[in-house]
Amino acid sequence: MAQNGGLLVDVEVEPSKSDEVGDLKDGLKAVTLGAGGVGEVNSNTKNMFEGVDDIQTYQNASESEIVEVGRQRINSVTSNQSIRSYDSTGVESAHSGEALLPDVGYHGGGGGRVTPKNKKTRGRENTPLIRGSGGRNRNRSEYEDLDDEMFNNWPNDPSFNDLIKEAETAIDAGVYPTRIYQGSSGSYFVKNVEGKTIGVFKPKDEEPYGRLNPKWTKWMHRMCCPCCFGRSCLIPNQGYMSEAGASLVDQKLGLSVVPKTKIVMLASETFNYLRIDVEKSKAKKLVTEHFPKVGRKFNRLGLPPKKGSFQVFVENFKDADFHLRKFESDPLDPDTSKNFQQQFERLVVLDYIIRNTDRGNDNWLINYKKSKAASDDEEATPASIEVAAIDNGLAFPIKHPDSWRAYPYHWAWLPYAKIPFSQETKDLVLDKISDMNFVQDICDDMYGLSLTDKGFDKQMFEKQMSVMRGQILNLSQALKDGKSPLQLVQMPSVFVERSRGHVGTSEKFRNFSNTFTQRFQKKAPFFSWC
């Protein structure tokens with residue numbers, strides 16, 4: 001803001017050259033970053049804050065200089081931009097329309113001004129753990145390239161919308177998510193303002209092989225045993241998409257065993273960030289405190305939001321292994337046992353369709369409440385049991401496991417897996433999965449979900465759907481034949497692939513036709529029991 005003739009003039013941030021820096025540059029150099037001061041900031045950090053240094057000031061300029069610069073800028077002001085001037089009392093001046101607009105320069109270290117055209121296209125998928133170092137050409141945080149205007153907004157799901165707003169409100173109030181120390185990735189319990197856990201957030205870049213995974217176990221795995229790095233049948237760093245996809249399939253089939261899961265964007269101090277992102281956030285806050293006029297021009301003051309899966313937290317559930325051991329010594333009553341068998345079969349249907357490669361008895365949950373007899377204070381309550389399928393991040397493979405491990409379903413060794421599928425399960429899913437139009441609807445919904453990922457690859461997606469269609473084909477045949485879950489997993493692995501051809505003119509169907517071919521898996525993994 002410049003003073004000229006008793007008028008205060010609003011200014012806007014515009015790119016400028018570093019040789020026009022004024023007194024404000026000297027003031028900003030006094031701002032220290034961390035305990036070590038500016039001198040300890042590396043070259044990349046200096047580039048990131050180069051724009052902050054390149055801010056012009058007109059407080060010490062002469063009137064002729066201000067007028068000359070204003071004449072140069074007056075032609076660039078469009079009709080929808082308002083230029084207001086005020087006198088020393090804060091009242092708008094009568095000469096507001098004649099106010100001149102001096103330059104205030106600010107540009108980031110990413111090289112050039114970000115325009116709406118290249119904002120979405122310049123951000124690329126960054127997976128250094130898979131491609132090697134990969135970070136040499138990275139100039140700035142990729143999170144700033146995400147278009148977050150449409151995120152965290154679900155008009156058709158107001159309950160989930162309100163839940164995410166509770167999480168955001170809690171973070172703003174200082175109730176931060178807490179890291180879950182179990183597992184090999186960065187996942188967090190998200191709370192509301194009262195401190196109650198309401199969800200589980202799993203950022204994409206903190207997955208087992210993500211570049212910001214806070215757990216060192218997978219880093220050691222890659223460094224010490226690169227030949228066994230990851231699972232060859234899965235697309236790396238797509239766990240958050242698999243979590244949301246499992247919830248989508250669950251809702252389409254009406255299984256109701258997966259807690260609602262969607263893709264969200266959250267930012268918190270407890271998440272694992274690059275040092276440069278943390279320092280940028282601190283610097284912007286300091287600049288805003290000392291120079292509010294400049295601070296209002298920043299796109300973001302806090303840490304960049306992270307994209308990941310958010311799963312609704314389920315209460316009073318325990319690991320299935322805990323209850324299964326108890327059921328051996330204290331069997332369920334007939335009605336509760338029948339209910340549990342039906343929910344177990346729904347878990348089987350889900351895992352088989354999405355080809356979950358990580359289903360042990362410790363990552364699906366049971367909520368069991370014993371029956372209570374009537375008393376003076378309470379009425380009699382029957383026993384109830386519920387099943388919840390969590391940790392679905394290692395599903396939707398591009399092929400059936402054929403390398404070292406088979407990644408079997410551990411529920412296949414339970415006695416419940418030897419019982420043929422019930423009529424209730426057949427009535428629930430058989431008609432749906434026997435209809436290829438319904439199956440294609442699931443594939444289309446999965447396609448729309450996968451498009452939200454920067455690293456989306458249509459060829460890889462079609463391989464995932466080929467495996468899923470083959471699993472659905474086997475499942476429908478097993479239900480018709482009255483087989484059990486154990487017999488289901490013993491059926492040969494099948495792919496149902498689109499026939500390659502140039503059918504149609506639209507981009508969506510240019511590479512794949514609408515006819516399908518069936519192919520059986522020939523290669524078997526070395527170990528079949530793990």
Side-chain angles (χ1 to χ4, degrees), residues 125-131 142-143 146 151 177 179-190 199-219 221-222 228-250 257-266 271-272 305-313 350-351 353-360 362-365 388-399 401 405 407 409 445-447 449-457 460-461 463-465 467-468:
E125 183 72 2
N126 191 3
T127 53
L129 281 178
I130 303 166
R131 300 181 301 169
E142 65 181 17
Y143 303 107
L146 295 178
F151 272 86
R179 184 179 298 166
I180 303 174
Y181 290 96
Q182 295 87 351
S184 57
S185 64
S187 53
Y188 301 83
F189 286 127
V190 182
V200 176
F201 181 64
K202 299 181 179 180
K204 175 183 178 178
D205 59 8
E206 297 188 34
E207 290 186 10
Y209 298 107
R211 59 189 181 86
L212 292 179
N213 182 9
K215 310 291 180 63
W216 59 269
T217 52
K218 289 301 177 180
W219 182 84
H221 183 190
R222 177 177 180 264
C228 301
F229 175 66
R231 303 188 180 192
S232 61
C233 59
L234 295 176
I235 302 177
N237 291 346
Q238 291 291 297
Y240 81 111
M241 195 62 65
S242 177
E243 294 274 4
S247 179
L248 187 152
V249 173
D250 174 84
V257 294
V258 179
K260 186 176 294 185
T261 310
K262 294 183 183 294
I263 305 299
V264 305
M265 295 180 70
L266 294 176
F271 297 160
N272 193 32
K306 291 198 173 193
K307 191 176 184 181
S309 63
F310 185 96
Q311 187 173 85
V312 177
F313 184 75
L350 173 75
D351 280 349
I353 288 179
I354 68 176
R355 187 47 183 103
N356 197 334
T357 65
D358 184 36
R359 180 61 78 204
D362 58 342
N363 59 7
W364 61 285
L365 309 177
I390 63 171
D391 288 344
N392 303 301
L394 297 176
F396 299 100
I398 58 175
K399 63 178 180 178
R405 299 172 59 187
Y407 305 112
Y409 312 97
D445 291 344
M446 288 294 300
Y447 181 84
L449 175 66
S450 301
L451 279 177
T452 62
D453 182 73
K454 281 188 174 181
F456 173 73
D457 187 307
M460 292 293 102
F461 172 78
K463 290 182 179 181
Q464 290 177 304
M465 295 301 100
V467 174
M468 188 179 74

| CD1-CZ distance between Ile354 and Arg359, expressed to the nearest 0.5 angstrom | 7.0 Å
| Do Asn272 and Arg179 come close enough that some side-chain heavy atom pair is under 4.5 Å? | yes
| task | Flag the pair Ser232 / Lys399 as yes when at least one side-chain heavy-atom distance between them is below 4.5 Å, and no otherwise. | result | yes
| How are the rings of Phe461 and Phe456 set to each other: parallel, tilted or perpendicular (split at 30° and 60°)? | tilted
| How long is the span from the NZ atom in Lys262 to the CG atom in Leu248, to the nearest 0.5 Å? | 8.0 Å
| remark: Scanning both residues in full, the closest heavy-atom pair of Glu206 with Leu212 reads CG-O, 3.4 Å
| Set of residues satisfying salt bridge (charged side-chain N to carboxylate O under 4.0 Å, His left out) with respect to Asp391, sequence neighbours excluded | Lys202
| Quick one: side chain to side chain contact (heavy atoms under 4.5 Å, CB included) partners of Asp358, sequence neighbours excluded? | Arg231, Asn356, Asn363, Leu394
| If you measure from OG on Ser242 to CD on Gln464, what distance do you get to the nearest 0.5 Å? | 8.5 Å
| request: Could you list the residues that satisfy salt bridge (charged side-chain N to carboxylate O under 4.0 Å, His left out) with Arg355, not counting sequence neighbours? | output: none
| field | Residues that Phe271 engages under ring pair (Phe, Tyr, Trp, His ring centres under 6.0 Å), provided they are two or more places apart | value | Tyr188, Phe201
| request: Flag the pair Asp453 / Tyr240 as yes when at least one side-chain heavy-atom distance between them is below 4.5 Å, and no otherwise. | output: yes
| note | CD1 of Ile398 to CD of Gln238, rounded to nearest 0.5 Å, is 11.0 Å
| field | Over all atoms of both residues, closest heavy-atom pair of Thr357 and Tyr407 | value | O-CB, 3.4 Å
| request: Specify the closest pair of heavy atoms between Met241 and Thr452, including all atoms of both residues, with the distance to one decimal. | output: CE-OG1, 3.7 Å
| message | Taking the side chain as everything from C-beta on, heavy atoms only, tell me whether Leu449 gets closer than 4.5 Å to Ile263. | response | yes
| field | Exam field: side chain Lys215 to backbone Ser185, donor-acceptor pair closer than 3.5 Å | value | yes
| message | Can you confirm whether Ile353 sits close enough to Met468 that some side-chain heavy atom of one is under 4.5 Å from a side-chain heavy atom of the other? | response | yes
| If we only count heavy atoms from C-beta on, is the Phe396 to Met446 side-chain gap below 4.5 Å? | yes
| field | Gly186 versus Pro203, closest heavy-atom pair with distance | value | O-CD, 3.2 Å
| How about Pro397 and Leu234: do any of their side-chain heavy atoms sit closer than 4.5 Å? | yes
| message | Going by salt bridge (charged side-chain N to carboxylate O under 4.0 Å, His left out), name the residues that satisfy it together with Lys260, two or more places apart in sequence or in a different chain. | response | Asp157
| request: State which residues pass side chain to side chain contact (heavy atoms under 4.5 Å, CB included) with Gln311; sequence neighbours excluded, sorted by chain then number. | output: Glu243, Val258, Pro259, Thr261, Ile390, Asn392
| Considering all heavy atoms of both residues, which atom of Gly239 and which atom of Glu207 are nearest to each other, and what is their separation? | N-OE1, 2.9 Å
